[in-house]
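Convention: sequence-line order gives letters A, B, ...; per-chain numbering from 1. These figures come from a predicted structure and were not determined experimentally.
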Number of protein chains: 2
Amino acid sequence: MAASLREVAAKAGVSVRTVSNVVSGSAPVAAATRERVQQVLDELQYRPNFAARQLRGGRTGLVGLVVPELSSPYFAELAGLFVDAALERSWTLLIDQSGGTAEGERRLLEGSGRRVLDGLVLSPWALPPEDLTRYAGEHPLVVLGERDPHGVADHVSVDNVAAAHVVTTHLLATGRTRIAAVGVQPHLANATAAQRLLGHRQALADAGRTPDPALEVAVSTLHRAEGARAVRELLDAPHPPDAVFCFSDQLALGALRAARERGVRVPEDLALAGFDDIEDGRYATPSLTTVAPDKQQIAARALQCLADRLAGRGSAVAQRVVVPHRLVVRESTGRATAGPAPR
Amino acid sequence: MAASLREVAAKAGVSVRTVSNVVSGSAPVAAATRERVQQVLDELQYRPNFAARQLRGGRTGLVGLVVPELSSPYFAELAGLFVDAALERSWTLLIDQSGGTAEGERRLLEGSGRRVLDGLVLSPWALPPEDLTRYAGEHPLVVLGERDPHGVADHVSVDNVAAAHVVTTHLLATGRTRIAAVGVQPHLANATAAQRLLGHRQALADAGRTPDPALEVAVSTLHRAEGARAVRELLDAPHPPDAVFCFSDQLALGALRAARERGVRVPEDLALAGFDDIEDGRYATPSLTTVAPDKQQIAARALQCLADRLAGRGSAVAQRVVVPHRLVVRESTGRATAGPAPR
DNA sequence: GACGTGGCATGCAACGTGGCAAGTCACATC
DNA sequence: GATGTGACTTGCCACGTTGCATGCCACGTC
């Protein structure tokens, strides 16, 4: 069924080696020969044998991407961009979903995938650094999102501190005074939320304000429901906020719904900002102010890191790539109404 | 870095073949020898070479899943279940996203993936049957969702006609009289929407009602925004509906938002039903009545089909697996208020 | 002691490909 | 006509694994 080089060679009356040369273009072949061989190739629908190629070359052309959950729009969008970016390098992308658990994150690292993949891009939530270190010592690995600074794996993320800083500063500039932060995740090994909280606090401090711990709300997941719950709690508190900075757009969309349920107007009574710039946020009413990480560049740079390692160009020390982001101001953080805070 | 059988054999003082036998257990090995070899295996951290195994055995242990979009919660959930189901068979699942375009759907079928995968599960939207036929002739293929009845590939789906019938019958039972159907997709090769429309019409006919073409709304995508648009149009029409059956939960969630924007109460003024039973619908307010396909079984049966084909147990003719579904009645289709339809 | 049996170990071959170096051939140059 | 040159082609080998056939040895049986 699957034609091999040998069969093509026999039919074309040339050596196996010449057919190989026609296919790969690695050595000169006379035009007439090339044409004849090519014709047989087409005729027999020759496709190079993946296993044999790998056995010979040591490469599979397969790259893995492990995200916590595909049902999260941010990761789904990101995965799509990785597929495209991989395609540009003629790599095939293998996507896996870890569920945000250490076990899931270890699956491709330790499992059969280990020997199949040329490289791996991982967005870890739960996995302790030791596991990453061990793997990175033997295989090309790129980590997405924040980790401890002395990691050994290459590392791509936005500057979460700066990004959070600019959001809170923007909220202050629209005249808000009590700005809540929703999305702290103390249970995760992942440091992203911690970095954003840091930037948020710094912005408050830079404006001469003291962060109010009552306005920093932890969440168990980054889903809509948690955003809604957080905002309900905030609105029920004795001193409700007049702005909420959610650490993901999903949280912000949940927050938006909760606010609306309570009859709190957005942005007039409550400003809302998110993070990620997912499509749903663009089409929400009001549309969502957010931080837009350059997702395309995250994908591109992450694969570039892998390519460097594969080519042996990788530096011995882990690289730390910071991808640009920008604040996208939309309707949900319009000017506050004059007068007292709601309620 | 990666130890080969040869190295292990040398260090253990046995033949390569014996080491292979220890690893695979395919031939008897004396206990003493086995132990000694095993010790060296552990010591050198031997891992079988994937490529060489495939080259010999012809199997990769890799199975592909192609869905239109991962950002759609239904497909994301489904993909997650496929990952789990594949794991149970010690297969690795390669997920790809086609964008719902013929080109994207052809990528894994025709591209490099073709030779890499032991089998493929495809959820086609745009691909003409010829492509599927050609591929299925050469490789194990399972198609998800409705296709023309005389397809050559194995085929797993729910009974969309029956499922749609039960939804519309339920809406009629709650006292609704003008039931709209949102989600017709005349531009797709995919027949799923057509089957649901058929079931919907049959339910109306069975209740002695004549379907009103003005209440059948086509959509370009299955996203929230399209559901919202459809409902706005329906509510603006001279004779608005008192119930809407959306062909996906995503559409229904969009519809829910649009209804709320217009001040139309759900379910009092307008009943809403969806399809897919995605998580967002369970936590929406009001929670969404929907059809729950047994997604876990879709994954399990689809992989079973592949396994059968791989084992040569596949029948010559295409198999057609119908997976059970159930109607999940929640808040969004509660009893109508007495009195005239809204507006 | 010859023979058969069964348990275990081994060597050979092959899967399809690509690197390497040697080979063939035509043609130009001296 | 011998030699060199360059363009093209080819055979050999190795990658790591496993199927197959064979080899070796000890033991039991006639």
Side-chain angles (χ1 to χ4, degrees), chain A residues 1-41 44-62 90 112 114-118 138 310-312, chain B residues 1-41 44-62 90 112-118 138:
Chain A
M1 179 188 299
S4 69
L5 280 186
R6 180 196 325 240
E7 294 169 58
V8 175
K11 187 152 186 182
V14 294
S15 76
V16 172
R17 202 56 254 270
T18 300
V19 180
S20 173
N21 287 337
V22 171
V23 173
S24 65
S26 57
V29 176
T33 314
R34 168 185 308 276
E35 193 173 342
R36 185 156 39 93
V37 170
Q38 188 60 53
Q39 200 171 338
V40 179
L41 283 171
L44 297 185
Q45 295 196 42
Y46 168 79
R47 310 241 174 187
N49 181 297
F50 169 77
R53 276 222 168 138
Q54 188 199 350
L55 185 56
R56 200 71 194 85
R59 292 286 166 77
T60 60
L62 259 64
S90 317
S112 63
R114 185 190 192 113
R115 275 296 191 88
V116 186
L117 302 176
D118 287 345
E138 302 178 18
L310 283 169
Chain B
M1 178 185 303
S4 71
L5 281 186
R6 181 200 319 244
E7 295 169 58
V8 175
K11 187 154 186 180
V14 295
S15 75
V16 171
R17 200 59 254 266
T18 301
V19 181
S20 171
N21 286 338
V22 171
V23 172
S24 66
S26 56
V29 176
T33 314
R34 170 186 304 277
E35 194 174 341
R36 186 156 38 93
V37 170
Q38 189 60 55
Q39 200 171 335
V40 179
L41 282 172
L44 297 184
Q45 294 197 45
Y46 169 79
R47 309 233 178 191
N49 181 296
F50 170 79
R53 274 217 171 141
Q54 187 201 349
L55 186 55
R56 283 301 293 162
R59 292 283 167 78
T60 61
L62 259 57
S90 319
S112 62
R114 185 189 194 116
R115 277 292 193 87
V116 185
L117 302 175
D118 287 347
E138 303 178 18

Spacing between [X] atom [atom1] and [N] atom [atom2], to the nearest angstrom:
{"X": "L5(A)", "N": "dT10(D)", "atom1": "CG", "atom2": "P", "result": "13 Å"}
{"X": "E35(A)", "N": "dC8(D)", "atom1": "CD", "atom2": "C1'", "result": "17 Å"}
{"X": "N21(A)", "N": "dC8(D)", "atom1": "CG", "atom2": "C1'", "result": "10 Å"}
{"X": "Y46(B)", "N": "dT17(D)", "atom1": "OH", "atom2": "C1'", "result": "7 Å"}
{"X": "F50(A)", "N": "dT17(D)", "atom1": "CZ", "atom2": "P", "result": "16 Å"}
{"X": "R17(B)", "N": "dT17(D)", "atom1": "CZ", "atom2": "C1'", "result": "9 Å"}
{"X": "Q54(A)", "N": "dT17(D)", "atom1": "CD", "atom2": "C1'", "result": "13 Å"}

Inset, instruction - Please check the phosphate of dG16(D) (OP1 and OP2 only) for any side-chain N or O of R53(B) closer than 4.0 Å. - result: no
Legend entry - dT18(D) phosphate, OP1 or OP2, under 4.0 Å from S20(B) side-chain N/O: yes
Inset, instruction - Using five pairs at either end of the helix from dG1(C)-dC30(D) to dC30(C)-dG1(D), determine the angle between the two local helix axes and round it to 10 degrees. - result: 70°
Inset, instruction - On DNA chain C, check which nucleotide each of A30(B) and G57(A) is closest to and give me the residue with the more 5' one. - result: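 Mapping each residue to its closest nucleotide by heavy atoms, the 5'-most match is A30(B).
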Inset, instruction - Using heavy atoms to find the nearest nucleotide of DNA chain C for R34(B) and R56(B) separately, return the residue whose nucleotide is more 5′. - result: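 Its nearest nucleotide being more 5', the pick is R34(B).
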Inset, instruction - For F50(A) and L62(A), run side-chain contact (heavy atoms from CB on, under 4.5 Å): C-alpha distance rounded to whole Å, both residues' side-chain angles, the deciding distance at 0.1 Å, then the answer. - result: CA-CA 11 Å; F50(A) 169 77; L62(A) 259 64; 4.1 Å; yes
Inset, instruction - Considering non-hydrogen atoms only, spot the tightest contact between R36(B) and A12(B) and give its length. - result: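 Between these two residues, the closest heavy atoms are NH1-O, 2.5 Å.
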Legend entry - R59(B) versus Q54(B), closest heavy-atom pair with distance: O-CG, 3.1 Å
Distance (rounded to the nearest 0.5 Å) between [X] [atom1] and [Y] [atom2]:
{"X": "E7(A)", "Y": "L44(A)", "atom1": "CD", "atom2": "CG", "result": "7.0 Å"}
{"X": "R56(B)", "Y": "L55(A)", "atom1": "CZ", "atom2": "CG", "result": "11.5 Å"}
{"X": "T60(B)", "Y": "D118(B)", "atom1": "OG1", "atom2": "CG", "result": "3.5 Å"}

Inset, instruction - Say whether, by atom type as modelled, one donor and one acceptor occur between the side chain of S20(B) and the main chain of V16(B) under 3.5 angstrom. - result: no
When we call it a touch if two heavy atoms are under 4.0 Å apart, what does [X] touch: a base, just sugar-phosphate, or nothing?
{"X": "T33(A)", "answer": "sugar-phosphate"}
{"X": "P28(A)", "answer": "base"}
{"X": "T18(B)", "answer": "base"}
{"X": "V14(A)", "answer": "sugar-phosphate"}

Inset, instruction - Check step by step if side-chain contact (heavy atoms from CB on, under 4.5 Å) holds for V22(A) and V8(A). - result: CA-CA 11 Å; V22(A) 171; V8(A) 175; over 6 Å; no
Inset, instruction - Extract, from 5' to 3' on DNA chain C, the first and final nucleotides lying under 4.0 angstrom from some heavy atom of chain B. - result: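 Using the under 4.0 Å cut-off, the span is dC8(C) to dG16(C).
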Inset, instruction - Run through V29(A), V23(A), V19(A), N21(A) and flag the one making a side-chain contact (heavy atoms from CB on, under 4.5 Å) with V37(A). - result: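 It is V19(A), the one option of V29(A), V23(A), V19(A), N21(A) that forms the side-chain contact (heavy atoms from CB on, under 4.5 Å) with V37(A).
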Legend entry - Nearest listed nucleotide, side chain of V29(A), among dC15(D), dT9(D), dT10(D):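 Among dC15(D), dT9(D), dT10(D), the one nearest the side chain of V29(A) is dT9(D).
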Inset, instruction - Apply the test side-chain contact (heavy atoms from CB on, under 4.5 Å) to residues L5(B) and Y46(B): give CA-CA distance (whole Å), side-chain angles for both, the deciding distance (0.1 Å), then the verdict. - result: CA-CA 8 Å; L5(B) 281 186; Y46(B) 169 79; 3.6 Å; yes
